[in-house]
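Contents: one structure, followed by commentary.
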Amino acid sequence: MARIAVTDGMAAAAISMLEREGHEVVLAHYETEALADGVLSDFDAVVVRSATKLTDEVISASCGESSGLQLIGRAGVGVDNIDLSTATNNGVLVCNTPGSSTQSVVELTIGHLLASVRHIPAGTQSLRAGEWRKSELRGTELSGKRLGFIGFGRIAQGVGRVAIALGMELHAYDPYLKAHVARDLNCQLHSSVDEVFRRCTHITVHCNLSDETHHLINTKRIGLMTGRGADGIECGNHLVNCARGGIVDEQAVLEALETGQLASAALDVFENEPATADNHLLQHSSFHGTPHIGAATYEAQARIGFEMAELLIDFFAGRTPKSVVNRDVL
Ligand code: MLT
């Protein structure tokens, strides 16, 4: 039976599932030094969320000739905190749970969009300060506006369905998407990121972080936005990122808020997490944000835990797990 380290938490029901199958589950958070010293080499598998960074050094130190890690489970979607090539070179399988948090991230994205255009954070702050700023907090509707997607995968498509119901027009850039998927959702696919920025007043980010997408959202692209809705309303420009920090250049966003080129920016993810008060963007009155809580719902965590427990049980019973990220290892 396997020894499994769970370093960033996991739903209690999922831990019970593993224990019922006879596996030993150790819940512990390890500091970077301990990870680099090979603390994980005592385990057959490790389950992480985004807080634990499984770098080249950490994975190399966790794999021995005849013992050590066989499987890395990413309880969530993004695998940018795992050095995939080192895992593959050491024969360590990496699995994730790609569909389990979709609905939660969709709902958070829509929440941020609505909060932006209806000044919900500013309204709350003014009430707390004993002010009644009714006349200053006039907003705009999402209906009649163009929503641009950078990446149009599972989560973006879910956001798109809600946005259509709200009366928005959909535009997207996604070089990996089959054209019929966008067509079926009434979404216009563009051949460049710039074109999406030119056409849309509201942008939402749904791609992975990679060398190619680092600071994809920058001063030049934000500058292409017109601030005028498809319905002719001067609604300003709005940006939401619930995907990954680092895709958005936060300094560029701060400057665009200062000049008014962006009317609002809402981030759930940051280039440096945890984001702290010395990130000046957080202090701007037209910014609002959340601390990387896209998948932090009871429902998503229960689904993620269940899916991860199933993956581990399958693997240690000699079956191929459902969601393998580095199939070369199989
Ligand atoms: C994910 O990639 O699954 C989400 O960003 C959630 C997380 O990392 O905790």
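Start at 1 and go down the list; that is how both ligands and their atoms are numbered. Since we're looking at a predicted model, the values are computed, not measured.
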### Query
Should one rank Arg244, Arg49, His292 by closest heavy-atom distance to atom 2 (O) of ligand 1, which comes out on top?
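Nearest option to atom 2 (O) of ligand 1, by heavy atoms: Arg244.
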### Task
May I ask you to identify the nearest protein heavy atom to atom 8 (O) of ligand 1, giving residue, atom name and distance to one decimal place in Å?
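Atom 8 (O) of ligand 1 sits closest to the protein heavy atom Arg74 NH2, 2.7 Å.
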### Query
If we only count N/O pairs under 3.5 Å, is Ser50 in contact with ligand 1?
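N/O-N/O distance under 3.5 Å: yes.
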### Task
Look only at interatomic distance and state if Gly78 has a nitrogen or oxygen under 3.5 Å from any nitrogen or oxygen of ligand 1.
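N/O-N/O distance below 3.5 Å exists for this pair.
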### Task
Can you spot which of Arg138, Arg228, Lys145 makes a salt bridge (charged side-chain N to carboxylate O under 4.0 Å, His left out) with Glu234?
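Going through Arg138, Arg228, Lys145 one by one, the salt bridge (charged side-chain N to carboxylate O under 4.0 Å, His left out) with Glu234 is satisfied by Arg228 alone.
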### Residue Val77 vicinity, atoms of ligand 1 by number, heavy atom under 4.0 Å
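Checking each atom against Val77, I get 1 (C), 2 (O), 3 (O).
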### Task
List every atom of ligand 1 that sits less than 4.0 Å from any heavy atom of Gly76, numbering the atoms from 1 in the order shown and giving each element.
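Matching atoms, with element in brackets: 3 (O).
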#### Entry: Cluster link Leu257 to Leu113, ILVMFWY, side chain under 4.5 Å
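No, Leu257 and Leu113 fall in different hydrophobic clusters.
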### Query
Can you name the nearest heavy-atom pair linking Asp44 to Ala2, along with the distance?
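Reported closest heavy-atom pair: OD2-CA, 3.3 Å.
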### Query
Is Leu71 isolated, or which residues cluster with it under the ILVMFWY side-chain rule of less than 4.5 Å, directly or via members?
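Members besides Leu71, by chain and number: Ile4, Val6, Met10, Ile15, Met17, Leu18, Val25, Leu27, Val47, Leu93, Phe306, Met308, Leu311, Leu312, Ile313, Phe315, Phe316, Val324, Val329, Leu330.
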### Task
Begin from the C-alpha positions of Asn96 and Ser323 and carry the test side chain to side chain donor-acceptor pair (under 3.5 Å) through to its verdict.
CA-CA 6 Å; Asn96 66 350; Ser323 307; 4.6 Å; no
